[in-house]
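Notes follow the structure.
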There are 2 protein chains.
Amino acid sequence: MTLRTSNLPKADTRASHIEIVITDILEAAQEEFAVNGFAGARMQVIADRAGYPKANVHYHFKNKTSLYLAVLDRIVTRWDDYLNDISVDDDPAVVLDTFIREKVQFSFDEPSASRLFANEIIHGAPHLRKHISSQIRPYVIDRVAVIQSWIDAGKMMSVDPMRLIFLIWSTTQHYADFQSQILIVTKQKKYTQEYRQETADFLSKLILSGCGLTLPSKNNELT
Amino acid sequence: MTLRTSNLPKADTRASHIEIVITDILEAAQEEFAVNGFAGARMQVIADRAGYPKANVHYHFKNKTSLYLAVLDRIVTRWDDYLNDISVDDDPAVVLDTFIREKVQFSFDEPSASRLFANEIIHGAPHLRKHISSQIRPYVIDRVAVIQSWIDAGKMMSVDPMRLIFLIWSTTQHYADFQSQILIVTKQKKYTQEYRQETADFLSKLILSGCGLTLPSKNNELT
DNA sequence: CAAATTCTTGACCATTTGGACAGGTTTAGT
DNA sequence: ACTAAACCTGTCCAAATGGTCAAGAATTTG
């Protein structure tokens, strides 16, 4: 609505101004791509939502595909930031509990990112194949090894570690990807803070218990 | 490829011929919509895949939307057929085990149906709102009541029944919707029969155990 | 302060695509 | 066998949409 160019603080440099424009466009694009998919997304809508003329969007991003890739890259990067390191010496219960709660939080906090990602995978991951095999796969293999060592050490029940990771991914993502269905079934307008909390508690409890684990004692001081 | 009109058996009536054509189109459309989403799907591609001229598709289906709705309806109907009835007197472990295995089977057998459905929900379920509130919601409420009665009867651990249903849905659907990611991470070309079986076993075991349940004894004679 | 560089934008275009339509063909009824 | 209805399909078209371009505004630089 308001023209960014005319009412910026004096101290603003060109570089930082550009960053704002780019971010505006990326955020608008993420929303549009998440809601309508790549093919369904409209450059005009993205431009409108970001608050710039369409040609401006094309100035900063060569074409629709490169804009989409930029959005994906941004999501994937933020995703990777969430990935915490775990070690053989850690307590399985604590690690899994933390992992689950972080994933749940991500789903509730950034549903459009989650949906865009899901969309890309459902459609065969045409733009993410490389990232999956070079980043995600090593990550999974690494965690699998640690979980397996816990099992070997008798610290938890014997369950297939990779499928356990898939299970955690799926159950947590579900609340973002299938939000519309869940809200209708539960007759809610939107997720409440309480619902989020109970969901995290539920998932943590059921999954840990499914692995034969229990949290040490105190477990309610997470954000 | 071959023209259906010219080489049909004499006994074939017009009605059944039409059914074949319609089915061909619906199947082609399901695949195309699942792979590319509604906006990305091309009528020309659907027609080609079905083996008829595009105008023929438009003869049987008013427009793209009505074709899409027909595909959705077909999927939803088949989905509903899977829904088994459960009662308070049943053994929770057996019911949940059966339920999980049926859902897993559906995901592996009809991945494109699952993906199309997921796609619709991710994009806000514009065409399924009614079905969700009139069919799915009552179904869920019904199962929730039964599960709750099991909990009250001390037959299983106290877990939120609705979230348990969501969890089963998400974990089973995951293998269809995120197939491309899973195949890359597990370095498989396609799901093997063995992988399907182990997945069903894994999910059943972990979820039952998460509910404090164990299967009676014999549990390996399912299809 | 002038020139050069970067950024912005309205107007315009080429292509794609859903869909209309009219004329032809096959089937069912009598 | 003949007619009417149902079905099929090649051709064409209007609308939508991604993308271009050249001129103008703002900012940096020499």
Side-chain angles (χ1 to χ4, degrees), chain A residues 1-26 28-30 32-33 35-71 126-127, chain B residues 1-26 28-29 32-33 35-72 126-127:
Chain A
M1 285 303 120
T2 34
L3 278 187
R4 299 242 176 221
T5 14
S6 50
N7 58 2
L8 281 171
K10 310 273 180 181
D12 182 59
T13 70
R14 176 181 290 236
S16 81
H17 172 234
I18 288 288
E19 274 170 38
I20 293 175
V21 174
I22 299 269
T23 304
D24 286 347
I25 294 173
L26 285 175
Q30 171 171 323
E32 172 70 359
F33 281 130
V35 172
N36 297 314
F38 179 80
R42 299 287 162 246
M43 296 299 279
Q44 185 64 61
V45 173
I46 293 173
D48 290 349
R49 197 192 297 260
Y52 306 99
K54 196 181 64 168
N56 196 332
V57 175
H58 273 94
Y59 175 78
H60 292 289
F61 297 93
K62 186 165 161 288
N63 53 31
K64 194 181 183 181
T65 302
S66 81
L67 172 56
Y68 180 72
L69 288 177
V71 172
H127 305 292
Chain B
M1 288 300 122
T2 36
L3 277 186
R4 300 245 177 219
T5 12
S6 51
N7 58 1
L8 282 171
K10 309 273 182 180
D12 183 59
T13 70
R14 176 182 288 236
S16 80
H17 172 236
I18 288 289
E19 276 170 36
I20 293 175
V21 174
I22 298 271
T23 305
D24 285 347
I25 294 173
L26 285 175
E32 171 70 358
F33 282 129
V35 173
N36 296 315
F38 178 79
R42 297 288 162 246
M43 296 300 279
Q44 186 65 60
V45 173
I46 293 172
D48 290 349
R49 194 190 298 257
Y52 305 99
K54 195 180 68 167
N56 196 331
V57 176
H58 272 94
Y59 176 76
H60 292 290
F61 297 93
K62 185 167 162 289
N63 51 32
K64 195 182 183 183
T65 301
S66 82
L67 173 56
Y68 180 72
L69 288 177
V71 172
L72 256 191
H127 304 291

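As the structure is a computational prediction, the values presented were derived from the model and not from experiment. Per chain, numbering begins at 1; letters A, B, ... match sequence-line order.
- The nearest pair of heavy atoms linking A/G40 to B/A39 is CA-CB, 3.3 Å.
- Applying the side chain to side chain contact (heavy atoms under 4.5 Å, CB included) rule to A/V35 yields the partners A/E31; only residues at least two apart in sequence or on another chain are considered.
- Within 4.0 Å of B/A41, counting heavy atoms only, lie sugar-phosphate atoms of the nucleic acid but no base atom.
- Listed nucleotides D/dC8, C/dG18, C/dG10 differ in distance to B/V21; the shortest reach to its side chain belongs to D/dC8.
- Rounded to whole angstrom, the span from the CG atom of B/D48 across to the C1' atom of C/dG18 amounts to 15 Å.
- In this entry the distance linking CG of B/D24 with C1' of D/dC8 reads 15 Å, nearest Å.
- Separating the CD atom of B/E19 from the P atom of C/dT27 is a distance of 16 Å, rounded to the nearest angstrom.
- Spacing between atom OH of A/Y68 and atom P of D/dG19 amounts to 15 Å, rounded to whole angstrom units.
- Applying the salt bridge (charged side-chain N to carboxylate O under 4.0 Å, His left out) test to pairs two or more places apart or on separate chains, none has a residue in residues 58-67 of chain B.
- With sequence neighbours excluded, the residues satisfying side chain to side chain contact (heavy atoms under 4.5 Å, CB included) with A/T23 are A/E27, A/R74.
- Going from atom CG of A/D48 over to atom CZ of A/R42 covers 13.0 Å, rounded to the nearest 0.5 Å.
- Taking atom CG of B/N36 as the reference point, atom C1' of C/dT17 lies 14 Å away to the nearest angstrom.
- With sequence neighbours excluded, the residues forming a side chain to side chain contact (heavy atoms under 4.5 Å, CB included) with A/I22 are A/I18, A/L26, A/H60, A/F61, listed by chain and number.
- Of the candidate nucleotides C/dT8, D/dG18, D/dC21, D/dC21 has the atom lying nearest to any side-chain atom of A/A55.
- Regarding B/Y52, its OH atom lies at a distance of 13 Å from the C1' atom of D/dT9, rounded to whole Å.
- Screening B/V45, B/L67, B/V71 against B/E32 for a side-chain contact (heavy atoms from CB on, under 4.5 Å) leaves a single residue, B/V45.
- In the region residues 56-66 of chain A, proximity to DNA chain D at under 4.0 angstrom, judged on heavy atoms, holds for A/H58, A/N63, A/K64.
- With rounding to whole Å, B/I25 atom CD1 is found 14 Å from C/dG19 atom P.
- Here the P atom of nucleotide C/dG10 and the CD atom of A/Q44 are 11 Å apart, to the nearest Å.
- When the nucleotides C/dG10, D/dG18, C/dT17 are ranked by their closest atom to the side chain of B/R42, C/dT17 comes out on top.
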